[in-house]
Each structure stands twice: as structure tokens, then as C-alpha cells.
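See structure below.
Just follow the structure's listing: the first ligand is 1, and inside any ligand the first atom is 1.
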Amino acid sequence: MYSLQDLGWGPFFENHITDPSAGLFPARVAGHSRGIYRLLSASGDLTASVAGRLAHEAAQSAALPVVGDWILGRLASPGQAVIENVLERRTKLSRIAPGERTEEQILATNVDVVFLVTSLTREFKPRRIERYLVQIWESGARPVIVLNKEDLVESPDEFLRQAEETPLIDVLLTSATTGSGIERLRGRLGAGETAVFVGSSGVGKSSIINRLLGDTVQAVRAVRAGDDRGRHTTAAREMFLLPAGGVIIDTPGLRELQVLADPSTLGQTFPDVDKLAANCAFRDCMHVSEPGCAVKAAVEDGTLDGARLRGYRKLQRELDYAKRRTDRSSQLAEKRKWKQIQKQYRRRCRERER
Ligand SMILES: Nc1nc2c(ncn2[C@@H]2O[C@H](COP(=O)(O)OP(=O)(O)OP(=O)(O)O)[C@@H](O)[C@H]2O)c(=O)[nH]1
Ligand SMILES: [Mg+2]
Ligand SMILES: [Zn+2]
């Protein structure tokens, strides 16, 4: 049996319970499949469904419970609960859901650390790491880059150097096969903290988690022969408790990461570009062809990698575009809401006149 603290509970959530007298208990969402939720609570594991009212009110899917959430539930029968409320999220890792529309998809909530796993194969791409970093900084959690499968390469330090091009970032070399670096990784997670593992399929997320759990709990499958792409072995997000404390969430490999973040946060992933930009002649310099651009000058004299600047500018364009799209859809939602309120108001006036 575990305590709420073992599950990551703390004052933040305590303070967000507005009506403690309603006979509801807190629990954490550990898994979810086709409308059935798996919960961890102080009185054990439960299966649960979402209360009709919550499902109805959750006009946007982002308001429905996801793995990592703290919820308030009501016991329906032994081992079976109904989720009445989702408590405010302390942190939230999102992306733009695959598809045509600019819609948020939440990957995990209430996490302290995001382990961004990449493998030292053709999978390793600094530009992809930057994309993830932007999204992780936006989440409110702290990033740790995990360079896995170090047993496969001659000089892993070469990769380490490339990953550390992002200033001040925490980078670890690991091998889930030999166990090297796993203890150090374990040390990045404090007591009562929650971590989520993200990255492409086949990089070894579940293998590292199995090492941490000291058991083969998560299914792992060989990468395809010929290329090193994964087979999407992990099918759904799932939460585990580490034997020595700490909570971890495994996620299925992502094919793409469409970023959804405030453009003004880009500087956290690119502090080097930001610092240089302070010396550009124009305050709103886009570092393309403006005169007196300190960023372009740094690329020319070799202090800044040109590919890194191109990655920065691409992300900047994407974030600006996504922001315009989401601003517009929230404007539309706001308009609809006001129309509804005006309609109700007019109806009430008419009723009073009768
Ligand atoms: N050589 C080597 N192979 C590894 C290492 N870590 C994982 N693998 C292998 O890589 C393959 C994929 O590992 P998984 O742990 O399933 O990868 P994953 O990231 O969970 O993949 P998805 O669940 O599809 O997202 C398996 O064959 C593992 O045995 C490592 O450190 N070194
Ligand atoms: Mg997996
Ligand atoms: Zn500039």
C-alpha cells in the first residue's frame, strides 16, 4: 500500500480542493484506455469512468482526465470509481495533436522531470532535441536529455558534446543493455517527484524503465532489422511507482512533435541565440538579412552553428503560426459564448415581460 505522497500528492493539489466535504477522495490517473481509467489511491488501485456531467462539460478533450492527473472520485462499488473532478494541473506537457486542426494534445500532467530519450544511432538529431526542449520548457517541468544505447558507438562523448551545444542543459549517457548510467538517471528524480519518458519509438524508453523497476514490467520489442526505427511497442501511456520512491510515466514513441508553446519562451532552449540577439542593431531583428545582425555575424565567424540558427528560425515561424491559429479559435469560442449569454439574457427579458 502507498500513501498519497508516494503518488506525488502535495500542498498544490490540497489547495485546489474547493469542496472537501462532498465525500470525494483524491486519486491519480495511472492509465486510460477507451473511456476506462486506472486510478491509484491511498486505498489501492481502482478502475473508473468519467462522471456524465464532467464528460458533458468538457467541451474540449483537454479538460478530460489524462495520465498524471489528480482527480476527485466517488466510490461506485468495490474497486470501481467515478471521476467527478480533475484538479488543476501543476505542469502539463502538450503538443499539437496530429491532424489538420491546431488542437492541443496533452501527453502527461503534474510531472517534475521530462526524460527526453534519444538513441546514439541515426535517430540522434540535434534539431529534433531542440523541438522537444521547447515543448518541455513550456510544460513547467525540467528537461533531462538521455542519450541511450551508448554501448552501440565507439565515442559516445562526441554525441555528448553535440547535445551540450544547448547551454546549461542536463545530458546523460545511458545503456539500458549494460545498465551504465542508469543509477545517475535515477538520481535525477527526487522523492515524491514524477518523471515522464518521451522520444521516438525504439530509442529504449521502456527498456530504461524496466531497468529502474528492476523487472521486466514493460514490454520491449526489437527494432526493425535494416533500419533502426522502432515498432511502437508501447501502446498507451502508463504510470509506474519505483521501488525506492518516485513515479514514472512511460509513453508510446512519437512520430512527430508539433510544438505548441508561447513564442517568447524560445530563449530557454536557445539562450545562446538570445544573448547574441541583444547586440543586433534592430530590437525586432529576425536574424535573416538585417544589417548589424549579431546573430548572423556569429554564424559567419563560426561561434554559432548555422544549422542551429536555422532550427531556431523554423521553430519561431511554427510557434507564431500556431499562436495565430489558437488565438483565432479561442476568439471564436469566446464569440460563441457571448452569443449564448445574450440569447439567454434576451429570453429572460421576454419572460419577465410576459
Ligand atoms: N544496444 C542497445 N539496445 C537497446 C538499448 N536500450 C534499448 N535497446 C533495444 O532497443 C529496442 C527498443 O527498445 P524499447 O525499450 O522497446 O524502446 P521504446 O522507446 O520503449 O519504444 P516504443 O515503446 O515503441 O516507443 C529493443 O530491442 C531494446 O532491447 C541500449 O541501451 N542498447
Ligand atoms: Mg516503449
Ligand atoms: Zn539579428
Side-chain angles (χ1 to χ4, degrees), residues 31 67 107-108 114-124 128 132 145-154 156 159 172-185 195-213 215-240 248-257 266-267 270 272-301 303-304 306 308-310 312-313 316:
V67 173
L107 300 173
V114 180
F115 289 116
L116 161 53
V117 187
T118 175
S119 62
L120 298 187
T121 58
R122 272 174 298 167
E123 210 279 322
F124 179 86
R128 170 157 41 208
Y132 274 94
I145 301 177
V146 180
L147 306 179
N148 189 40
K149 307 200 187 183
E150 70 159 331
D151 56 290
L152 292 183
V153 292
E154 288 284 318
F159 290 91
L172 297 175
L173 280 169
T174 60
S175 167
T177 303
T178 67
S180 146
I182 301 296
E183 261 318 297
R184 279 182 73 198
L185 185 149
V196 63
F197 284 75
V198 296
S200 308
S201 178
V203 293
K205 299 179 293 297
S206 301
S207 304
I208 294 171
I209 290 174
N210 286 341
R211 276 274 177 183
L212 291 169
L213 292 170
D215 212 334
T216 307
V217 180
Q218 273 297 69
V220 166
R221 219 185 296 147
V223 290
R224 281 182 287 215
D227 62 22
D228 51 47
R229 300 234 300 278
R231 300 160 179 247
H232 294 273
T233 303
T234 305
R237 287 161 255 166
E238 203 175 352
M239 182 181 286
F240 302 91
I248 46 179
I249 300 172
D250 194 7
T251 67
L254 299 181
R255 281 198 184 81
E256 58 170 340
L257 184 76
L266 210 50
F270 295 92
D272 46 349
V273 177
D274 241 27
K275 202 167 150 206
L276 288 164
N279 294 319
C280 290
F282 297 103
R283 217 165 53 87
D284 57 351
C285 184
M286 296 297 285
H287 325 307
V288 185
S289 54
E290 292 91 338
C293 175
V295 179
K296 292 287 277 187
V299 171
E300 268 143 40
D301 72 20
T303 34
L304 180 70
R308 184 163 161 84
L309 176 59
R310 282 193 294 280
Y312 172 86
R313 298 206 52 245
Q316 200 173 38

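Under the salt bridge (charged side-chain N to carboxylate O under 4.0 Å, His left out) criterion, R128 pairs with E123, not counting sequence neighbours. Shown here are the side chain to side chain donor-acceptor pair (under 3.5 Å) partners of T178, two or more places apart in sequence or in another chain: S175.
Judged purely by atom type and a 3.5 angstrom limit, D272 has no side-chain atom pairing as donor or acceptor with the backbone of L304. Counting only distance, with no hydrogens or angles, the side chain of T251 and the backbone of F197 share a donor-acceptor pair below 3.5 Å. A donor-acceptor pair under 3.5 Å links the side-chain atoms of K205 to the main chain of G199, judged by distance alone. Judged purely by atom type and a 3.5 angstrom limit, N148 uses its side chain to pair as donor or acceptor with the backbone of V203.
Between G202 and ligand 1, an N or O atom pair is found at a separation short of 3.5 Å. Looking at S201 next to ligand 1, an N or O pair under 3.5 Å apart turns up. The shortest N or O to N or O distance between T251 and ligand 1 is not below 3.5 Å.
When the options S207, S180, G199, S206 are ranked by their closest heavy atom to atom 13 (O) of ligand 1, first place goes to S207. For atom 2 (C) of ligand 1, the candidate residues are V117, T177, I208, D250; the nearest heavy-atom contact is made by T177.
Taking 2.8 Å as the threshold, S207 does not count as a candidate ligand of the Mg ion (ligand 2), since none of its N, O or S atoms lies below it. Not one N, O or S atom of S201 sits under 2.8 Å from the Mg ion (ligand 2).
Using a 4.0 Å cut-off to heavy atoms of D151, the atoms of ligand 1 that qualify are 1 (N), 2 (C), 30 (C), 31 (O), 32 (N). Of all atoms in ligand 1, listed by their number and element, those nearer than 4.0 Å to a heavy atom of G253 are 25 (O). Interface atoms of ligand 1 facing A176, defined by a heavy-atom separation under 4.0 Å, are 6 (N), 30 (C), 31 (O). Interface of V203 with ligand 1, defined as ligand atoms under 4.0 Å from a residue heavy atom, comprises 17 (O), 19 (O). In the vicinity of S175, heavy-atom distances shorter than 4.0 Å reach the ligand 1 atoms 31 (O).
Side-chain contact between C280 and V295 is present, with at least one heavy-atom pair separated by less than 4.5 Å.
Residues F159 and V153 approach most closely at CE1-CG1, 3.9 Å, considering heavy atoms. Listed here is the closest heavy atom pair of Y132 and S200: OH-N, 4.1 Å.
Note that CD1 of I249 and CG of L107 are 10.0 Å apart. Values are rounded to the nearest 0.5 Å. With values rounded to the nearest 0.5 angstrom, T174 atom OG1 is found 7.5 Å from L172 atom CG.
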Pairs of donor and acceptor atoms involving the side chains of residues 282-293, under 3.5 Å and at least two apart or interchain, shall be tabulated with distances.
from: E290; atom 1: OE1; to: H287; atom 2: N; distance (Å): 3.4
from: E290; atom 1: OE1; to: V288; atom 2: N; distance (Å): 2.9
from: E290; atom 1: OE2; to: M286; atom 2: N; distance (Å): 2.8

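Protein N/O/S atoms found under 2.8 Å from the Zn ion (ligand 3): C280 SG, C285 SG, H287 ND1, C293 SG.
Our summary of the site lists the angle at the Mg ion (ligand 2) between OG1 of T234 and OG of S206 as 90°, to the nearest 10 degrees.
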